[in-house]
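Let me begin by presenting the structure, written as structure tokens, before commenting on it.
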Amino acid sequence: MSKEKEIILSGIRPTGKLHIGNYLGSLKNFIALQNQHECYFFIADLHSLNEPFDPKTKYEQIIDLAKDYLACGLDPKKCTIFVQSHVPEHSELAIILSNTIPVSFLFRMTQFKEKSDDRAEKNVNAGLLYYPVLMAADILAYKANLIPVGQDQTQHVELARDAAGFFNNKYGQFFPEPKPLYTEVPKVMSLLLPDKKMSKSLGDSHCIYIDDEPEIIQKKLAKAVTDTGDGKSLGAKNLLDLAKIFCQPKIYSKLSSDSQKGSLKYSELKQQLALDITNYFSEFRQKKKKISTNDVEKILATGAKKASTVAQKTLTEVQKKIGIR
């Protein structure tokens, strides 16, 4: 008798182009996981609403992210791909769970504390505080066992575990307690501020986007911060770390050796890295250009229907557990 596949769920917020840090931290792992588990990969549009955004471009961002999913190698025949808001059971389950989770658990979430400190108190919306509850609903709607995360995202999975525990203690055993699936997430730093993580919020010049054209990649890397000495600066380390990921082993070995000897020429490193990153995402760029919006919408509709069937079953059982059905 074959072992039942474990259920995995994860999502990415549609907030603009994906950079190579996003790819290495999430999408690359998704592609491997779809061959081993029952996977639900969604576009977290509701989670993207708690930060400033332009309504005129939000749908475009959703479709573009779906194209990234598909062009990178996610296969609708192997996994379920959908948009979060197209499965309303997520939101309804979140409302139910919010009545079992102490608000003190939300106020202590690191993400809320950090982001609310960055904003004027009057501008902090309730969605930012409520974010982990909806995330718990995302996970529990499919009774997901494993949640792929980096070490810095563990707290959100713990909140989902707490939510499952609170519900089970109050209404009887029902939800499995999800566990984090730690994935290898290389720390990719800004090209211009190598002491900070690569982020869209810093500006386009700080990031290499996975659909950047070759000449753009070359220009961005040409302006990347390095040093003038022994290759031990943060900027040089960031470029060498990228070379380790994207360059051929023999080429990286030589670059690393030159760096240790103090003979590394950064102009050559940048040219080599630009070539290898360009080649790495060449097939992705070609595939993405061939994917039509109409095809994406059909795939997302099919995925939402499949996801909703599972989530609705969970929600119905939850409603019966709490006595409203």
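The first residue of the sequence shown is numbered 1, and numbering continues consecutively from there.
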Within 6.0 angstrom of Q312 CD, more than 12 heavy atoms from elsewhere: yes

Spatial distance of atom CG (L146) from atom NZ (K179) [nearest 0.5 Å]: 8.0 Å

Verify side-chain contact (heavy atoms from CB on, under 4.5 Å) between L128 and F112, making sure each step is shown before the conclusion. CA-CA 6 Å; L128 185 61; F112 174 76; 3.9 Å; yes

Which distance, rounded to the nearest 0.5 Å, do you find between the CG of D68 and the CG of L74? 10.0 Å

Got a sec: does the CD of E317 have more than 12 other heavy atoms crowding it under 6.0 Å? yes

Backbone of Y23 reached by a side-chain donor or acceptor of S26 within 3.5 Å: no

Side chains of N35 and K78: donor-acceptor distance under 3.5 Å anywhere? yes

Can you confirm whether the side chains of T15 and Q61 place a donor and an acceptor under 3.5 Å from each other? no

Would a single hydrophobic cluster contain both M189 and I208, if residues Ile, Leu, Val, Met, Phe, Trp and Tyr are joined by side-chain heavy-atom contacts under 4.5 Å? no

Spacing of L240 atom CG and Q260 atom CD [to the nearest 0.5 Å]: 9.5 Å

Salt bridge between E283 and K289, side-chain N to carboxylate O under 4.0 Å? no

Side chains of residues 294-305: which donor-acceptor partners sit under 3.5 Å, not counting sequence neighbours?
residue	atom	partner	partner atom	Å
D295	OD2	S292	OG	3.1
E297	OE2	Y59	OH	2.5
T302	OG1	K298	O	3.0

Check R161 with E177, please: is the shortest side-chain N to carboxylate O separation under 4.0 Å? yes

Quick one, S10 and I147 - any side-chain contact, counting heavy atoms below 4.5 Å? no

So NZ of K320 and CG of L315: to nearest 0.5 Å the spacing works out to 11.0 Å

Nearest 0.5 Å, please: how far is CG in L234 from CG in L239? 11.0 Å

Does K197 use its side chain to pair, donor to acceptor, with the backbone of G21 at less than 3.5 Å? no

According to ring-ring contact (aromatic ring centres under 6.0 Å, His included), who are the partners of Y171, at least two apart in sequence or on a separate chain? F167

Decide if the gap between the ring center of F41 and the ring center of F82 is smaller than 6.0 angstrom. no

Residues in salt bridge (Lys or Arg N to Asp or Glu O under 4.0 Å) with D75, at least two apart? none

Closest non-hydrogen atom pair between E6 and H37, with its separation: O-CB, 3.3 Å

Parallel, tilted or perpendicular for F246 and F281, by the 30°/60° rule? tilted

Taking the inter-plane angle between the rings of H19 and Y209 on a 0 to 90° scale, is it parallel (under 30°), tilted (30 to 60°) or perpendicular (over 60°)? tilted

Check: D64 and P14 side chains under 4.5 Å, non-hydrogen atoms: no

Please find out if less than 6.0 Å separates the ring center of F166 from that of F175. no

Indicate whether the side chain of E92 and that of Q319 have a donor and an acceptor atom separated by less than 3.5 Å. yes

Under 3.5 Å, sequence neighbours excluded: what are the donor-acceptor pairs made by side chains of residues 249-256?
residue	atom	partner	partner atom	Å
K254	NZ	D258	OD2	2.9

Show which side-chain atoms of residues 129-143 pair as donor or acceptor with protein atoms under 3.5 Å away, not counting sequence neighbours.
residue	atom	partner	partner atom	Å
Y130	OH	A94	O	2.9
Y130	OH	I95	N	3.4
D138	OD1	Q84	NE2	3.1
D138	OD1	H90	ND1	2.6
D138	OD2	H47	NE2	2.7
D138	OD2	Q84	NE2	3.3
Y142	OH	H90	NE2	2.7

Is NZ or CZ of K58 both nearer than 6.0 Å to the six-membered ring centre of F53 and within 45° of the ring axis? yes

Please check if F284 and L275 belong to a single hydrophobic cluster, counting links between Ile, Leu, Val, Met, Phe, Trp and Tyr side chain heavy atoms closer than 4.5 Å. no

Working to the nearest 0.5 angstrom, can you tell me the gap between I62 CD1 and S48 OG? 6.5 Å

Derivation and outcome, side-chain contact (heavy atoms from CB on, under 4.5 Å), residues E89 and T314: CA-CA 9 Å; E89 290 82 5; T314 300; over 6 Å; no

Sequence neighbours excluded, which residues qualify as salt bridge (Lys or Arg N to Asp or Glu O under 4.0 Å) partners of K220? D212

All heavy atoms of A274 vs all of Q218, minimum pair found to be CB-CA, 4.0 Å

Side chains of H156 and M109, heavy atoms from C-beta outward: is any pair under 4.5 Å? yes

With a 4.5 Å cut-off on side-chain heavy-atom distances among I, L, V, M, F, W and Y, is there a chain of contacts connecting L33 to I12? yes

Greater than 12 external heavy atoms within 6.0 Å of K67's NZ: yes

side-chain contact (heavy atoms from CB on, under 4.5 Å) assessment of C79 paired with Y40: CA-CA 6 Å; C79 63; Y40 295 86; over 6 Å; no

Heavy-atom count around K288 NZ within 6.0 Å, excluding the residue itself: above 12? yes

Quick check: are there more than 12 heavy atoms from other residues, nucleotides or ligands sitting under 6.0 Å from CD of E60? no

